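Once you've had a glance at the structure underneath, I'll fire off some questions.
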Amino acid sequence: METQLPDDFRCPISLEIMSDPVILPSGHTFDRVSIQRWLDSGHRTCPITKLPLPEHPCLIPNHALRSLISNYTLVSPSKLQPCPQPQILISSLTSQSSHVGTKLNSLTHLVRLTKHDSGFRRKLTELGAAPGVLKCVDSDDPSLQEKALSLLLNLSLDDDNKVGLVAEGAINRVIKVLRFGSPDCRAIAATIITSLAVVEVNKATIGAYPDAIQALVWLLISGKGREKKEAATALYAICSFADNRRRAIDCGAVPILISLLDSGLERAIEVLGLLVKCKEGREEMMKVNGCVKVLVSVLRNGSSRGVQYGLFTLNCLCNCCERLCFEAINEGVVEICMGLMEEENEKIRRYTSSLVQTLRENHAFG
């Protein structure tokens, strides 16, 4: 039991857990028996600092530490127990006799163990953890579902697991959470989509699910701050696959993204930068009143990454529509471009030069 307690509970002399901690005038704490033995041997220095002590040093009881040790031992016995074997934890997730509390405890252990340990993540997958985790994702208990999603996200961090998790049916479960889960669960579910989409083949698979992209677009509309951001990030991840761009456009993503961009969600410009690559995307953007004004605002106020995507998107639109060139001019884009030509970022300078060239070719300015 002692090996599981924090080192601060140990006496610096005996290295054993203190039963009666006392404070020396030097400010350091020792177990009373150990420090009294040290003093009885004639020592009049602090064992740690080596500074001199009074002839009859006062030993002040450390009630706070004594109480902490007592509470840690009596109230939190679970902290003293070694973590169960992974197979036992996994089995509890699928057992019919396991209560919600037991499953939650197992998931908590597994989330902690998989957070930074890729080897343990692979081991869990090899032990067949996925079905049990996905079963908990289906739970009606919000706490259990959230913890199961956190574990699923951890497992998805390894590229070797990504295709297997999709094959096990992770996408259907995640889509359901995007629709009906709690706000925190929906945000984690969108993050899982982003993680799984790192593997190219999964982008196509995810997009082929009838409700996947629709659920993400719905989250852009109905979600709160974090949910909207994670949904936009997931769309960006899967829309690098060309077929998914058209699906997102068909689900009405373009006007929603422009509105969100106007409201300050810069992640939206990254998705628009992908959707503008297809004809349908450009046509939808041209239909949105104020689209050019929002894009120019990104050039004026956005981050370096936002400016890059804003320049690219605006250039693609201006290449297709002379009217938009004049709108951009009226919004002050030329003056902004003159400033951006001095940017250190090579990509921004290149995109700026391309936009200026497009405006000239469309006779928008001389």
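All figures in this text were calculated on a predicted structure; none of them were measured in a lab. The basis for the numbers below is simple: all heavy atoms, side chains too, and nothing from hydrogens, waters or symmetry mates.
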Worksheet entry | Ser195 versus Ser156, closest heavy-atom pair with distance | OG-OG, 2.8 Å
Item to complete: Provide the closest heavy-atom pair for Ile213 versus Gly207 in the form atom of the first, atom of the second, distance.
Response: CD1-CA, 4.2 Å
Worksheet item: Honestly curious: do Leu153 and Val163 fall in one hydrophobic cluster under the side-chain, below-4.5 Å linking rule?
Response: no
Worksheet item: Does any N or O in the side chain of Lys203 come within less than 3.5 Å of the main-chain N or O of Ile238, such that one atom is a donor and the other an acceptor?
Response: no
Item to complete: For Asp159 and Val199, indicate whether the former's side chain and the latter's backbone hold a donor-acceptor pair under 3.5 Å.
Response: no
Practice prompt. May I have the step-by-step check of side chain to side chain contact (heavy atoms under 4.5 Å, CB included) for Leu235 and Leu220, ending in yes or no?
Written response: CA-CA 10 Å; Leu235 278 174; Leu220 289 177; 3.6 Å; yes
Worksheet entry | Glu346/Arg350 ion pair, N-O < 4.0 Å | yes
Worksheet item: Is a side-chain donor or acceptor of Ser297 paired with a backbone partner of Lys293 at a separation under 3.5 angstrom?
Response: no
Item to complete: Check Val137, Leu165, Leu178 against Arg173 for a side chain to side chain contact (heavy atoms under 4.5 Å, CB included) and give me the one that passes.
Response: Val137
Practice prompt. Could you state whether Leu65 and Ile48 fall into the same hydrophobic cluster, counting links through intermediate Ile, Leu, Val, Met, Phe, Trp or Tyr residues with side-chain heavy atoms under 4.5 angstrom apart?
Written response: no
Worksheet item: Between Glu327 and Arg323, is there a side-chain N and carboxylate O pair less than 4.0 Å apart?
Response: yes
Worksheet item: When clusters are formed by joining ILVMFWY residues with side-chain heavy atoms under 4.5 Å apart, either directly or through shared neighbours, do Phe30 and Ile23 land in the same one?
Response: no
Worksheet item: So, Glu230 and Thr191: side-chain donor and acceptor under 3.5 Å apart, yes or no?
Response: yes
Discussion item. Using the rule given for side chain to side chain contact (heavy atoms under 4.5 Å, CB included), can you reason through Arg267 versus Tyr236, listing the C-alpha separation, both sets of side-chain angles and the distance that settles it, and then say yes or no?
Written reply: CA-CA 9 Å; Arg267 189 63 53 87; Tyr236 177 79; 5.5 Å; no
Item to complete: Indicate the atoms forming the closest heavy-atom contact of Met18 with Asp31, along with that distance.
Response: SD-N, 3.5 Å
Discussion item. A side-chain contact here means heavy atoms from C-beta on lying under 4.5 Å apart; do Leu272 and Tyr309 qualify?
Written reply: no
Worksheet entry | Electrostatic pair Lys224:Glu227 at N-O distance under 4.0 angstrom | no
Worksheet item: Where do Gln145 and Val177 come nearest, in terms of heavy atoms and distance?
Response: NE2-CG2, 3.7 Å
Worksheet item: If you measure from CG on Leu275 to SG on Cys316, what distance do you get to the nearest 0.5 Å?
Response: 11.5 Å
Item to complete: Find out whether Arg349 and Leu340 are in side-chain contact, i.e. whether some heavy atom of one side chain is under 4.5 Å from a heavy atom of the other.
Response: no
Response to the item:
Residues Pro47 and Ile35: closest non-hydrogen pair is CG-CD1, 3.8 Å
Practice prompt. Would you indicate whether Asn289, at its atom CG, is surrounded by more than 12 heavy atoms from other residues, nucleotides or ligands within a distance under 6.0 Å?
Written response: no
Worksheet, complete the sentence: In Leu93, Leu151, Leu152, Val100, the residue satisfying side chain to side chain contact (heavy atoms under 4.5 Å, CB included) with Cys136 is Leu93
Practice prompt. Mark yes or no for whether Arg245, through its side chain, and Cys239, through its backbone, hold a donor-acceptor pair below 3.5 Å.
Written response: yes
Practice prompt. Run the salt-bridge test on Glu126 and Lys123 with the 4.0 Å N-O cut-off and return the result as yes or no.
Written response: no
Worksheet item: Taking atom types as modelled and ignoring hydrogens, do the side chains of Ser303 and Glu266 form a donor-acceptor contact shorter than 3.5 angstrom?
Response: yes
Worksheet item: Is it true that a side-chain atom of Ser34 and a backbone atom of Ile13 form a donor plus acceptor pair closer than 3.5 Å?
Response: no
Practice prompt. Answer yes or no: does atom NZ of Lys229 have more than 12 heavy-atom neighbours from other residues, nucleotides or ligands under 6.0 Å?
Written response: no
Discussion item. Side chains of Val166 and Val201, heavy atoms from C-beta outward: is any pair under 4.5 Å?
Written reply: no
Practice prompt. Kindly compute the distance separating SG (Cys337) from CG (Leu299), expressed to the nearest 0.5 Å.
Written response: 6.5 Å
Worksheet item: For the side chain of Arg44 and the backbone of Leu39, is there at least one donor-acceptor N/O pair under 3.5 Å apart?
Response: yes
Worksheet item: Under a single-linkage definition using a 4.5 Å side-chain heavy-atom cutoff for Ile, Leu, Val, Met, Phe, Trp and Tyr, are Leu157 and Leu127 assigned to the same hydrophobic cluster?
Response: no
Worksheet item: In terms of ring plane angle, is the pair Tyr351 and Phe312 parallel, tilted or perpendicular, where the classes change at 30° and 60°?
Response: tilted
Worksheet item: Can a donor-acceptor pair be found between the side chains of Thr49 and Ser26 at a distance below 3.5 Å?
Response: no
Worksheet item: Distance from Cys251 atom SG to Arg246 atom CZ, nearest 0.5 Å?
Response: 14.0 Å
Practice prompt. Would you check if the side chain of Trp38 reaches a backbone N or O of Thr45 as a donor-acceptor pair within less than 3.5 Å?
Written response: yes
Worksheet item: Is there a donor-acceptor contact under 3.5 Å from the side chain of Thr358 to the main chain of Ser354?
Response: yes
Worksheet item: Do the side chains of Glu168 and Pro131 get nearer than 4.5 Å, heavy atoms only?
Response: yes
Discussion item. Looking at Asp262 and Ile258, would you say the former's side chain and the latter's main chain have a donor-acceptor pair under 3.5 Å?
Written reply: no
Discussion item. Within the structure provided, determine whether Asn62 and Val22 are in side-chain contact (heavy-atom separation under 4.5 Å).
Written reply: no
Discussion item. Looking at Lys135, I want to see if its NZ is surrounded by more than 12 non-hydrogen atoms of other residues, nucleotides or ligands under 6.0 Å.
Written reply: yes
Discussion item. Minimum heavy-atom separation for Ala231 and Ala190, please, with both atom names.
Written reply: N-CB, 3.9 Å
Worksheet entry | Under-4.0 Å salt bridge between Asp184 and Arg226 | yes
Practice prompt. Report yes or no: do Leu113 and Leu104 belong to one cluster of Ile/Leu/Val/Met/Phe/Trp/Tyr joined by side chain heavy-atom distances under 4.5 Å?
Written response: yes
Worksheet entry | Donor-acceptor under 3.5 Å (Arg282 side chain, Val276 main chain) | yes
